[in-house]
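Counting starts at 1 for both ligands and their atoms, following the listed order.
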Amino acid sequence: MPTIILLRHGQSIWNLENRFTGWTDVDLSDLGRKEAQNAGEKIIKSGLKPDFFFTSYLKRAIHTLQIAANVMDLNWIPVIKDWHLNERHYGALQGLNKAETAKIYGDEQVLKWRRAYDITPPTLEPDDKRNPANDPKYQGLSCNEIPLTESLKQTVDRVRSCWQEVIEPRVRIYNTVLISAHGNSLRALAMMLLHLSPQEVLSFEIPTGQPLVFTADSHMNIIDKKYL
Ligand SMILES: O=C(O)[C@H](O)COP(=O)(O)O
């Protein structure tokens, strides 16, 4: 049965500091590394053995994958890194403390920025040093691919193209794949695979470091989902 393991990276330093992260390339905290190790152990215990890995361009997801792969003794497994799996771009909120931002703009506004389907956080100015265009990782992207902010809807659109063009064809060949990515890029993927409505995805949360296993039928309909 085609099996897709969704793994949200372990706690990052900015998760710990409660800061909007998005495309900011922060590393795992000590707890995050431990969570990644536990994730690898849980996958071994489940009897699942991934044959192909996918991750984003961001080191918190890459390091989570490397730690888990090391625990599973699967360092040799092929990996595709794809920026389409990056976290949702959080625009000008990136770097701000979530609780302090709520004190300034109110809980309701912050909840809309964080969870509404079609609302974008404030846009980064193009000359802002946080513009991804300044980052060598994104040199190959065209101007209209580089986000200055994103709604979940826009994230779903880019994750969908990655699923259709990059991941799904390999799930059909390799059978068991593991995708190490981010809270919102994985919510986007789950929304698409589980056919969740914008209202349903609002409360759909994936905890850090907890492997979520989707089993599909031959038409790629998800017939079972469970946390390890
Ligand atoms: O980018 C971030 O800040 C987190 O990874 C996800 O944040 P959220 O829970 O506010 O969507």
Please work out whether the ring planes of Tyr57 and Tyr138 are parallel, tilted or perpendicular, with thresholds of 30° and 60°. parallel
So, regarding Phe20 and ligand 1 (criterion: nitrogen or oxygen to nitrogen or oxygen, under 3.5 Å), is there a contact or not? no
May I ask whether Arg19 has any heavy atom positioned less than 4.0 angstrom from an atom of ligand 1? yes
Testing Arg60, His63, His9 one by one against Asp27 for a side chain to side chain donor-acceptor pair (under 3.5 Å), which residue passes? His63
Have a look at ligand 1 and work out which part of Trp14, if any, has a heavy atom under 4.0 Å from it: side chain, backbone, both or neither. neither
Heavy atoms of Pro2 and Asp217 approach each other most closely as CG-O, 3.9 Å
Does a salt bridge link Glu205 with Arg115, judged by any charged N lying under 4.0 Å from a carboxylate O? yes
Against ligand 1, does Arg88 come closer than 4.0 Å with any heavy atom? no
Is the closest N or O pair between His9 and ligand 1 shorter than 3.5 Å? no
Can a donor-acceptor pair be found, under 3.5 Å and without considering hydrogens, that links the side chain of Arg172 to the backbone of Glu168? no
Should the pair Trp113 and Tyr105 be assigned to parallel (<30°), tilted (30 to 60°) or perpendicular (>60°) ring geometry? perpendicular
Which protein non-hydrogen atom lies closest to atom 2 (C) of ligand 1, naming both residue and atom, and how far is it? Thr21 N, 3.5 Å
Top protein contact for atom 8 (P) of ligand 1, by heavy-atom distance: Tyr90 OH, 3.3 Å
Ligand-side contact atoms (ligand 1) for residue partner Lys98, heavy atom cut-off under 4.0 Å: 2 (C), 3 (O), 4 (C), 6 (C), 7 (O), 8 (P), 9 (O), 10 (O)
Is there at least one pair of N or O atoms, one from Arg60 and one from ligand 1, spaced under 3.5 Å apart? no
I need the atoms of ligand 1 closer than 4.0 Å to a non-hydrogen atom of Arg115, numbered in the order shown. 8 (P), 9 (O), 11 (O)
Looking at ligand 1, is there an atom of it that comes within less than 4.0 Å of some heavy atom belonging to Glu87? yes
When you look at NZ of Lys81, are more than 12 heavy atoms from neighbouring residues, nucleotides or ligands closer to it than 6.0 Å? no
With a cut-off of 6.0 Å (strictly less than), are more than 12 heavy atoms of other residues, nucleotides or ligands near CD of Glu41? yes
Give a yes/no verdict on whether any heavy atom in Gln94 is under 4.0 Å from an atom of ligand 1. no
Under 4.0 Å from any heavy atom of Arg114, which atoms of ligand 1 are there? 8 (P), 9 (O), 10 (O)
I'd like to check which ligand 1 atoms, numbered from 1 as shown, lie under 4.0 Å from a non-hydrogen atom of Gly22. 1 (O), 2 (C)
Lys49 atom NZ, neighbour heavy-atom count above 12 within 6.0 Å: no
